[in-house]
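To start, the structure itself, in structure tokens.
These numbers were taken from a predicted model, which means no experiment stands behind them. Atoms considered below: every heavy atom in the structure, side chains included; atoms not considered: hydrogens, waters and symmetry mates.
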Amino acid sequence: MLSNSAFVLLFNQSNKDIEKITEPLEMRPEQLNYVIDSPSGTSLLRFGKKIVSFDNTVEKGSKLYNLYNTNMYEINESKKGKKER
């Protein structure tokens with residue numbers, strides 16, 4: 001299925017899963033740094049035979065981070081901090 005896909009977007013993957021993904025996508029080992037134990041916001045985009053790595057990290061505490069944050073622990077901490085003020 002992966003080898004027939006024209007477009008693939010890969011985010012953080014476990015070591016066990018990445019072994020199954022690497023071969024059909026024809027990825028080089030240095031590209032794996034963007035998807036193995038990588039920080040949020042880094043990933044790989046495969047379109048046809050081209051693979052592009054990108055880093056789209058957003059600084060914590062910024063308006064954009066707060067708008068798109070889905071980490072429930074951080075959201076609850078933020079709400080607690082606002083109630084205490």
Side-chain angles (χ1 to χ4, degrees):
M1 184 164 89
L2 283 173
S3 60
N4 293 332
S5 300
F7 175 85
V8 178
L9 183 59
L10 289 173
F11 292 97
N12 198 8
Q13 303 290 318
S14 71
N15 287 333
K16 184 172 50 173
D17 293 336
I18 201 67
E19 291 173 8
K20 297 172 187 169
I21 294 170
T22 305
E23 190 176 325
L25 293 181
E26 301 172 6
M27 296 169 55
R28 294 189 314 270
E30 60 270 12
Q31 292 171 319
L32 298 179
N33 292 332
Y34 286 87
V35 292
I36 296 177
D37 296 327
S38 59
S40 297
T42 59
S43 59
L44 290 175
L45 170 66
R46 180 179 182 251
F47 188 78
K49 293 287 184 183
K50 304 287 183 186
I51 298 176
V52 178
S53 56
F54 64 92
D55 184 344
N56 193 31
T57 54
V58 178
E59 185 178 330
K60 281 189 176 186
S62 69
K63 289 182 181 181
L64 189 59
Y65 182 87
N66 293 336
L67 181 64
Y68 290 109
N69 184 12
T70 59
N71 183 323
M72 293 307 298
Y73 298 108
E74 290 180 6
I75 293 169
N76 287 336
E77 286 298 317
S78 175
K79 286 180 181 178
K80 285 181 186 177
K82 288 179 182 178
K83 285 182 182 178
E84 292 174 359
R85 292 181 194 170

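Taken from OG in Ser38 to CG in Leu10, the straight-line distance is 10.0 Å, to the nearest 0.5 Å. Gln31 CD to Ile36 CD1: the interatomic distance, rounded to the nearest 0.5 Å, is 11.5 Å.
When every heavy atom of Met27 is checked against every heavy atom of Leu44, the shortest pair comes out as CE-CD1, 3.1 Å. When all heavy atoms of Phe11 and Thr42 are compared, the closest pair comes out as CD2-O, 4.1 Å. For the pair Ile75 and Asn69, the tightest heavy-atom approach, listed with the atom from each and the gap, is CD1-O, 3.5 Å. Between Ile51 and Arg46, the closest heavy-atom pair is CG1-CG, 3.9 Å. The two residues Tyr65 and Glu59 have their closest heavy-atom pair at CB-O, 3.3 Å.
The environment of Phe47 atom CZ is sparse: at most 12 non-hydrogen atoms of other residues, nucleotides or ligands sit within 6.0 angstrom.
The stretch residues 27-41 participates, sequence neighbours left out, in these salt bridge (Lys or Arg N to Asp or Glu O under 4.0 Å) pairs: Arg28-Glu30.
Formation of a donor-acceptor pair under 3.5 Å by the Asn76 side chain with backbone atoms of Met72 is found in this model.
Under the 4.5 Å side-chain criterion, counting only non-hydrogen atoms from C-beta, Tyr34 is not in contact with Leu45.
Partners of Ser43 by side-chain hydrogen bond (donor to acceptor under 3.5 Å, both in side chains), not counting sequence neighbours: none found.
Leu67 and Val58 fall within the same hydrophobic cluster, defined by Ile, Leu, Val, Met, Phe, Trp and Tyr side-chain heavy atoms under 4.5 Å apart, directly or through other members.
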